[in-house]
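Note that the numbering runs from 1 along the sequence shown for the chain.
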Amino acid sequence: MLKEYNTIREVVGPLMLVEGVEGVKYDELVEIRQANGEIRHGKVLEINRDKALVQLYEPSQGLEIATSKARFLGHSLELPVSEEMLGRVFDGMGHPRDGGAPIIPDMKMDINGQPINPFSRDYPNEFIQTGVSAIDGLNTLVRGQKLPVFSASGLPHADLAAQIARQARVLKEGEKFAVVFAAVGITFEEADFFIQDFRKTGAIERTVIFINLANDPAIERVATPRMALTAAEYLAFEKGMHVLVITTDITNYAEALREVSAARKEVPGRRGYPGYLYTDLATMYERAGRIKGKPGSITQIPILTMPEEDKTHPIPDLTGYITEGQIILSRDLYKRGVTPPIDVLPSLSRLKDKGIGVGKTREDHADTMNQLFSAYAQGKEAKELSAILGESALTDLDKKFAKFAEEFEKQYVSQGFTKNRSIEETLNIGWRLLGLIPRNELKRIKDQFLDKYYPKQADSEEDK
């Protein structure tokens with residue numbers, strides 16, 4: 001029998017103090033029952049002897065502490081999980097928000113997850129096709145990886161998130177694939193965009209959506225990504241699916257964490273964020289991965305907007321330390337009409353070499369990837385030189401690299417938000433663009449691949 005306490009002494013903002021408690025644990029769920037039968041919820045943030053500090057999930061306005069009773073439930077926040085979750089839309093606390101009935105759960109899982117034993121982890125080494133050339137061809141996503149997208153205010157990261165969620169798939173036949181999409185602290189219009197986009201394209205059938213709106217309580221914002229990851233762990237490790245978790249926007253999550261920390265009067269760290277921000281982000285990001293002996297996997301694409309477009313800001317800075325690379329969106333490319341505006345040179349996937357090649361993508365992938373990076377970098381240098389000294393200062397070869405850089409942005413990087421390219425298409429476009437450069441300048445590609453894939457018309461023009 002759970003004990004009720006009518007010893008609520010104080011409510012300050014989202015925090016409530018309950019005295020005279022026994023056997024209460026950190027992170028335990030609390031029900032606050034009012035005299036009129038209304039129930040509010042919270043969780044234990046701190047315990048000091050017989051006092052418990054409770055963080056409320058709902059606003060504290062109108063809470064009558066003299067007549068209210070607090071009941072501690074003996075467990076932390078749990079998510080009811082089932083395969084019925086696919087195709088459904090939930091709020092940030094895991095309640096249906098699509099008008100459908102509550103799911104009949106197979107089990108309930110603690111949203112904080114269980115740490116994966118490092119010895120049990122399997123190395124990520126299999127390709128996930130996103131249909132976006134700048135990712136698939138140059139910064140390849142690998143199953144079990146954590147690959148964040150660094151964006152900025154006003155850039156179309158929402159469109160990119162929806163595109164990846166729609167298009168992502170694994171190439172092997174018969175393997176089950178699902179997407180868990182968590183929108184954190186977004187507006188109603190953005191939420192409607194995501195839901196309608198998934199419904200219109202049919203992608204919702206294999207997707208679980210969690211929506212936390214900007215006017216929802218901060219504590220719900222902190223719970224939403226963990227809800228999504230818990231659903232992903234169930235689908236991956238209990239049902240053997242390959243799950244892609246897309247979270248937007250991690251910056252809103254970190255702001256909510258800062259708000260909760262300030263309410264607790266904790267000593268702030270960098271830029272006012274709590275000193276444990278690194279640890280907190282790691283507890284989410286490290287839930288990605290593969291486990292030996294289990295067929296499923298969890299791959300994460302967290303999306304964050306860099307405040308003031310500053311890569312050294314604590315949120316992108318700490319995210320970069322924990323994850324295996326980053327996809328960076330460029331305002332300059334966006335202004336020039338390149339969509340998605342992925343800046344491929346500073347972007348990086350540290351595991352890309354592990355997910356490409358024979359049996360995964362294609363034999364020539366690694367060589368063409370390195371050559372495209374190199375040629376694009378040379379082309380950008382030539383264009384910068386031309387802007388300073390004039391085009392007359394460029395050699396004929398410089399002009400070819402400058403032309404390549406221009407066409408590379410137009411044809412390879414820019415594909416719009418509705419075009420879904422297979423890895424074969426991406427690689428073939430790369431070869432077509434490499435045909436703009438003389439064959440003897442392609443020093444990063446083996447002769448056997450040049451013989452097989454280098455455009456024949458480019459060879460004949462070179463002979464002339």
Side-chain angles (χ1 to χ4, degrees), residues 113 115-130 132-151 157 160-161 164-165 168 170-171 177 179-180 182 225 228-229 232-233 236-237 242-251 253-254 277-292 294 296-306 311-329 340 342-357 360-361 365-366 369-370 373 423:
I116 300 175
N117 184 333
F119 182 76
S120 301
R121 282 186 178 272
D122 211 353
Y123 200 85
N125 62 1
E126 292 170 293
F127 174 67
I128 289 183
Q129 181 174 287
T130 65
V132 179
S133 291
I135 298 175
D136 292 347
L138 301 174
N139 295 289
T140 312
L141 180 64
V142 180
R143 252 182 264 178
Q145 184 179 6
K146 310 173 284 291
L147 187 62
V149 174
F150 287 4
S151 183
H157 46 270
L160 180 61
I164 294 172
V170 292
L171 297 185
F177 186 77
V179 175
V180 177
L229 287 163
E233 285 172 345
F237 304 134
H242 297 294
V243 185
L244 176 62
V245 181
I246 301 174
T247 311
T248 180
D249 181 337
I250 292 294
T251 300
Y253 168 84
L277 179 62
Y278 177 89
T279 310
D280 191 275
L281 290 173
T283 60
M284 292 198 306
Y285 295 149
E286 290 299 339
R287 289 170 77 172
R290 304 176 67 210
I291 298 178
K292 290 174 185 171
K294 296 200 174 185
S297 64
I298 296 177
T299 308
Q300 282 195 52
I301 299 184
I303 296 172
L304 59 91
T305 49
M306 298 179 288
K311 289 179 201 168
T312 66
H313 186 278
I315 304 169
D317 186 33
L318 297 177
T319 294
Y321 278 119
I322 304 164
T323 55
E324 295 107 10
Q326 66 280 328
I327 303 295
I328 296 180
L329 302 190
I342 295 173
D343 195 349
V344 298
L345 292 181
S347 296
L348 169 70
S349 169
R350 292 191 181 96
L351 298 179
K352 62 188 173 189
D353 294 334
K354 306 295 182 284
I356 62 177
K360 295 174 182 177
T361 54
H365 192 159
M369 174 180 69
N370 294 333
F373 268 121
I423 188 60

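The backbone N or O of Lys354 lies less than 3.5 Å from a partner atom in the side chain of Lys360, making a donor-acceptor pair. Using modelled atom types, no side-chain atom of Glu126 and backbone atom of Leu171 make a donor-acceptor pair closer than 3.5 Å. In terms of modelled atom types and a separation under 3.5 Å, the side chain of Asp122 and the main chain of Arg290 share no donor-acceptor contact. A donor-acceptor pair under 3.5 Å links the side-chain atoms of His365 to the main chain of Gly137, judged by distance alone. Lys292 contributes a side-chain N or O that, together with a main-chain N or O of Phe119, makes up a donor-acceptor pair within less than 3.5 Å. At least one donor-acceptor pair closer than 3.5 Å links the side chain of Gln300 to the backbone N or O of Tyr285. Between the Thr248 side chain and the Ile303 main chain, no donor and acceptor come within less than 3.5 Å of each other. Judged purely by atom type and a 3.5 angstrom limit, Thr299 uses its side chain to pair as donor or acceptor with the backbone of Gly144.
Using a 4.5 Å cut-off on side-chain heavy atoms (C-beta onward), Pro124 and Arg143 make no contact. Using a 4.5 Å heavy-atom cutoff, the side chains of Asn139 and Phe373 are in contact. Under the 4.5 Å side-chain criterion, counting only non-hydrogen atoms from C-beta, Val132 is in contact with Ile342. A 4.5 Å side-chain heavy-atom check between Met284 and Thr247 finds every atom pair outside the cut-off. Looking at heavy atoms from C-beta onward, Gln326 lies in side-chain contact with Leu348 at the 4.5 angstrom threshold.
Judged as a side-chain hydrogen bond (donor to acceptor under 3.5 Å, both in side chains), the pairs with a partner in residues 344-353 (not counting sequence neighbours) are, in order, Gln145-Ser349.
Applying the side chain to side chain donor-acceptor pair (under 3.5 Å) test to Gln129 and every residue at least two apart in sequence or in another chain returns nothing. For Asn370, the side chain to side chain contact (heavy atoms under 4.5 Å, CB included) partners two or more places apart in sequence, or in a different chain, are Arg444.
Going from atom CD1 of Ile327 over to atom CD1 of Ile164 covers 8.0 Å, rounded to the nearest 0.5 Å. Note that CD1 of Ile291 is 7.5 Å distant from CZ of Arg121, once rounded to the nearest 0.5 Å. Note that CE of Met306 and CG of Leu329 are 8.0 Å apart. Values are rounded to the nearest 0.5 Å. Atom CG in Leu138 sits 10.0 Å away from atom CD1 in Ile356 (nearest 0.5 Å).
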Applying side chain to side chain contact (heavy atoms under 4.5 Å, CB included) to Leu141 and Leu244, what does each step give before you reach the verdict?
CA-CA 10 Å; Leu141 180 64; Leu244 176 62; 4.2 Å; yes
Run Leu281 and Tyr321 through side chain to side chain contact (heavy atoms under 4.5 Å, CB included) and show every step you take.
CA-CA 10 Å; Leu281 290 173; Tyr321 278 119; over 6 Å; no
Apply the test side chain to side chain contact (heavy atoms under 4.5 Å, CB included) to residues Phe150 and Leu304: give CA-CA distance (whole Å), side-chain angles for both, the deciding distance (0.1 Å), then the verdict.
CA-CA 5 Å; Phe150 287 4; Leu304 59 91; 3.8 Å; yes
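Closest of all the heavy-atom pairs between Asp249 and Thr251 is OD1-N, 2.8 Å.
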